[in-house]
Amino acid sequence: MSEVAVIGAGYVGLTTATCLAHLGHRVICADIVEERVERLSKGEVPILEDGLPALLAEGLATGRLSFVVGARKAAAVADFVFLCVPTPQADDGSADLSFVEDVTREIAPVLRRGAVVINKSTMPVGSTRLVEQILGEAGASIDQVRVASNPEFLREGTSVEDFLHPNRVVIGCDDPSVAVRVSELYRALDAPILVTDPASAEMIKYASNAFLATKISFVNAIANLCEAVDADVREVTLGMGYDQRIGFEFLHPGPGYGGSCFPKDTAALLFASRNVGYDFALLDGVVEVNRRQHERMVEKATSMVGGSLEGVTIALWGLTFKANTDDLRDSPALVIAQRLIEGGANVRAFDPAAGESAERAVPGLVVVSDPYEVCAGAALLAVLTEWDQFRWLDFNRVRDALASPNVLDTRNLLDPVALRRRGFTYEGVGRS
Ligand code: UDX
């Protein structure tokens, strides 16, 4: 059992803390928001994440997991300190490391001899060295304290499952004995452990996310072509996916990728490329295809309501950036809602998890708490997030509620044949 501090109780920090406690370590998780720490200490999970409430309850019950306000208290008694603070996108596209830098300065004076500081949040290549340097400047001798990169590959909604059953664990550290100590934290997991130099570990994270974003933009481009040549993208991706070099995963066309990782990480990798004088034209294209895909959905909606959005009422199902999360960060649905409103439409939305915070994110958007009520009098229903429950709603009721039975299914979630049989005009992505 190791003594672990996790700094930051967001999606990554909470998952890391609860899962490491589940694996038998003693974990103190720190956050700066008092109310969050209070709620977590009472077993209340502030985010929607499958399996997290059970693991939090378990950690609190066994006494292996506790929460404190402030990083110092947690770091002072830890052998391993995971940095899980946000690394948001700065105006120039780079990753803003100010939270990482502040926390590193704060904990430096209290770190134990032999402690390992572990960069878990996604940080640009060079961040392991940067944290080492700040620790040194702030009074922690690098002979006594070591730094490693250990990027997360967690998908929101399935982060607990991803943490406990990872495809791989990556540890970037120049000192093999430190890498072994970090790897022992994961001893109970059945996963390949890859030890690399820090820069390679940091690049693995960016390259993985950029590659997945590339797959999505690629399939979105193919879907758009399918529409032009009367092919069905679902058949096409099925035929592609059987080739094991391609695989079935991440080949679902849609309104474009979003969320807290892909947009930010692709921007940061492009920024880093420019910085070293490399023209990463492929990744530029991926980002541009994604931007256009959001716009394309707005164009489809516009043409389905007769060519003008002015004064038209549009109903949306789904606001989160994907299903099974309550996260609205960089959600394509919000971009699309915003554009529809800018075009003059009255836009109302239903989402099973997003709540009314979406109204603050998109001025003019009205959030409704019922999937049928949202359709009342609308000229179009647009499905923007692939919540499974949308498939099982009563479409006779939906048709009767809508002013015109138009459905734009940007996730190819619904059955076009069944809908057309009920009298709907249906349009998906990449299928005629
Ligand atoms: C992603 C990575 O998967 C994870 O490894 C990394 O650590 C963080 O970023 P996440 O942002 O939670 O995880 O979502 P993910 O499931 O990867 O989806 C990202 C976006 O791509 C969503 O907007 C989703 O709707 C979209 N997507 C995904 C598609 O449009 N098509 C697909 O086939 C897959």
Side-chain angles (χ1 to χ4, degrees), residues 10-13 15-16 47-50 52 84 86-87 89 95 119-123 149-163 165-170 201-202 204-224 233-234 236-238 240-241 246-269 286-287 289-291 293-294 296-297 318-336 351 354 383-388 409-413 428-430:
Y11 285 91
V12 173
T15 305
T16 303
I47 51 175
L48 181 68
E49 197 57 66
D50 203 27
L52 208 51
C84 300
T87 53
Q89 187 175 329
N119 290 354
K120 186 59 126 174
S121 303
T122 304
M123 301 184 201
S149 164
N150 173 218
E152 52 83 15
F153 301 98
L154 309 172
R155 290 164 302 174
E156 279 180 28
T158 54
S159 68
V160 169
E161 172 73 14
D162 289 347
F163 192 100
H165 303 281
N167 293 149
R168 77 299 209 189
V169 172
V170 174
E202 290 158 346
I204 286 169
K205 173 61 193 264
Y206 279 98
S208 299
N209 274 359
F211 186 76
L212 292 171
T214 305
K215 267 188 115 172
I216 298 169
S217 275
F218 183 86
V219 82
N220 281 335
I222 292 291
N224 298 340
V233 72
R234 287 168 324 140
V236 173
T237 51
L238 187 66
M240 289 167 69
I246 298 173
F248 296 106
E249 305 260 341
F250 272 74
L251 279 188
H252 303 291
Y257 59 76
S260 67
C261 291
F262 289 172
K264 164 173 88 77
D265 293 352
T266 46
L269 191 55
V286 167
V287 171
V289 166
N290 197 57
R291 191 192 63 73
Q293 194 69 6
H294 301 339
R296 198 175 162 93
M297 298 306 120
L319 290 169
T320 53
F321 80 95
K322 64 174 185 177
N324 305 318
T325 176
D326 54 2
D327 199 343
L328 291 168
R329 285 177 291 175
D330 268 319
S331 174
L334 296 189
V335 177
I336 293 165
D351 186 280
V383 179
L384 299 181
T385 309
E386 74 286 18
W387 288 97
D388 192 55
D409 180 6
T410 70
R411 299 281 185 167
N412 289 348
L413 182 76
V429 177

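Since this is a predicted model, take the numbers as computed values, not measurements. We count ligands from 1, going down the list as the structure has it; atoms in each ligand are counted the same way.
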Between [X] and [Y], does any side-chain donor sit less than 3.5 Å from a side-chain acceptor?
X      : Y      : value
Trp387 : Asp351 : yes
Asn224 : Arg296 : yes
Glu202 : Ser149 : no

Steps toward side chain to side chain contact (heavy atoms under 4.5 Å, CB included) verdict (Lys205, Glu152) = CA-CA 8 Å; Lys205 173 61 193 264; Glu152 52 83 15; 3.1 Å; yes
Residues with a heavy atom under 4.0 Å from ligand 1, by chain and number, are Glu152, Phe153, Leu154, Arg155, Glu156, Lys205, Asn209, Ile216, Phe250, Leu251, His252, Tyr257, Gly258, Cys261, Phe262, Phe321, Lys322, Arg411
Can you see which heavy atom on Thr320 is nearest to which on Ala354, and at what distance?
-> CG2-CB, 4.0 Å
State whether Phe321 and Arg329 meet the cation-pi test: NZ (Lys) or CZ (Arg) under 6.0 Å from the six-membered ring centroid, and within 45° of the perpendicular axis.
-> no
